Amino acid sequence: MQGANQGQSGSLDGHELSIAIVRARFNDDITRKLAEACLAELAALGVAERHIEMVTVPGALEVPVALKALADSEDFDALIALGCIIRGETYHFELVANESGAGVTRVSLDHQIPIANAILTVENEAQAWARAEDKGRDAARVAVEMANLLDALP
């Protein structure tokens with residue numbers, strides 16, 4: 001929810017982290033904006049550019065398989081999923097939203113790696129544009145905070 005009170009965050013120091021981003025190309029202008037905001041925030045949090053890898057996939061349904069390949073490499077402290085699903089006139093919206101979200105969660109749990117899920121699911125393009133920048137930044141913060149948290153847990 002936009003403007004929600006998110007409470008006090010944990011450590012947002014990204015200096016020692018390696019993070020990979022998977023960006024869906026479908027709704028490309030919007031997902032590029034998500035990626036730009038995400039990359040800018042990762043830099044602001046101290047994640048070195050050389051420790052960030054970005055791959056693109058055709059759409060949201062392909063995001064989980066790319067995340068799994070990156071998780072399998074064991075080269076990253078956290079992953080970020082970026083995409084944009086805009087409701088259309090058919091059931092396809094629900095299918096893509098539900099299955100991509102379930103796939104992202106499954107990869108995270110199976111590999112015990114934090115994945116910041118910033119695959120937007122919106123009613124229309126205006127809603128996507130209204131959220132893209134904030135959600136891109138949020139994804140970077142979530143990835144860094146969760147990587148640090150999991151590193152600190154026994």
Side-chain angles (χ1 to χ4, degrees), residues 1-2 4-28 30-86 92-122 128 131-154:
M1 181 165 82
Q2 280 187 298
N5 181 351
Q6 297 179 14
Q8 180 66 36
S9 69
S11 173
L12 293 176
D13 180 3
H15 286 90
E16 301 296 322
L17 300 178
S18 292
I19 295 178
I21 302 166
V22 177
R23 180 180 74 87
R25 290 188 313 268
F26 204 85
N27 293 310
D28 192 54
I30 295 163
T31 65
R32 279 184 191 275
K33 185 65 168 177
L34 277 164
E36 289 169 6
C38 183
L39 289 168
E41 189 68 14
L42 287 173
L45 297 174
V47 181
E49 186 175 341
R50 69 183 182 282
H51 292 144
I52 300 170
E53 181 170 337
M54 181 167 341
V55 297
T56 59
V57 296
L61 286 175
E62 293 75 36
V63 169
V65 72
L67 290 169
K68 182 182 181 322
L70 292 162
D72 284 344
S73 76
E74 298 183 358
D75 291 337
F76 302 99
D77 300 296
L79 305 174
I80 297 172
L82 302 177
C84 179
I85 307 165
I86 300 173
H92 188 68
F93 170 86
E94 284 83 1
L95 173 77
V96 174
N98 292 339
E99 294 304 317
S100 64
V104 169
T105 300
R106 187 168 47 251
V107 172
S108 181
L109 294 173
D110 287 352
H111 290 274
Q112 297 182 350
I113 186 170
I115 302 176
N117 186 349
I119 299 176
L120 301 177
T121 52
V122 296
R131 288 162 176 73
E133 191 170 339
D134 284 344
K135 292 303 179 185
R137 282 194 308 264
D138 286 349
R141 288 192 293 267
V142 166
V144 169
E145 180 177 353
M146 289 302 297
N148 288 325
L149 174 66
L150 289 186
D151 187 51
L153 293 176

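None of these values were measured; they are calculated from a predicted model.
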What distance do E62 atom CD and L67 atom CG have between them, rounded to the nearest 0.5 Å? 11.5 Å
Could you tell me which non-hydrogen atom of V55 sits nearest to which non-hydrogen atom of A66, and how far apart they are? CG2-CB, 4.4 Å
Is any NZ, NE, NH1 or NH2 atom of the basic residue among R137 and D134 found under 4.0 Å from an Asp or Glu carboxylate oxygen of the other? yes
4.5 Å side-chain heavy-atom contact, L34 and C38: no
Nearest heavy-atom pair of A24 and G59: which atoms, and what distance? CB-C, 3.5 Å
Roughly how far, to the nearest 0.5 Å, is CD1 of I86 from CZ of F26? 8.5 Å
Contact between I113 and L70 at the side-chain level, heavy atoms closer than 4.5 Å - yes or no? no
When every non-hydrogen atom of V96 is compared with those of A60, the smallest separation belongs to CG1-CB, 3.8 Å
Can you check side chain to side chain contact (heavy atoms under 4.5 Å, CB included) on D72 and H111, steps first, answer last? CA-CA 8 Å; D72 284 344; H111 290 274; 2.6 Å; yes
Under the salt bridge (charged side-chain N to carboxylate O under 4.0 Å, His left out) definition, can you give me all pairs with a residue in residues 41-60, not counting sequence neighbours? E41-R141
With a 4.5 Å limit on heavy-atom distance, are the side chains of S18 and D77 in contact? yes
Working to the nearest 0.5 Å, report the span between CG of L45 and CD of E145. 10.5 Å
Can you pull the salt bridge (charged side-chain N to carboxylate O under 4.0 Å, His left out) pairs that have at least one residue in residues 14-25, sequence neighbours excluded? R23-D28
If you look only at distance, which donor and acceptor atoms sit under 3.5 Å apart when one is on a side chain in residues 147-154 and the other is two or more places apart or in another chain?
from: N148; atom 1: ND2; to: S11; atom 2: O; distance (Å): 3.2
from: N148; atom 1: ND2; to: S11; atom 2: OG; distance (Å): 3.3
from: N148; atom 1: ND2; to: D13; atom 2: O; distance (Å): 3.1
from: N148; atom 1: ND2; to: V144; atom 2: O; distance (Å): 3.2

Over all heavy atoms of both residues, which pair between L82 and A139 is shortest? Give the atoms and the distance, please. CD2-CB, 4.4 Å
Spacing of SG belonging to C84 relative to NZ belonging to K135, to within rounding of 0.5 Å: 12.5 Å
Check for a donor-acceptor pair, side chain of T105 on one end and backbone N or O of G101 on the other, with a separation under 3.5 Å. yes
With a 4.5 Å heavy-atom cut-off, do I80 and I19 have their side chains touching? yes
Any idea which heavy atoms bring V107 and P64 closest together, and the distance? CG2-O, 3.6 Å
Side-chain contact, heavy-atom cut-off 4.5 Å: P114 with V142? no
Going by heavy atoms in the side chains, are I85 and L120 under 4.5 Å from each other? no
Side chain proximity check, F93 to T121, heavy atoms < 4.5 angstrom: yes
Is the closest side-chain heavy-atom distance between V57 and V22 below 4.5 Å? yes
Nearest atoms (heavy-atom pairs only) where V122 meets A128: CG2-CB, 3.8 Å
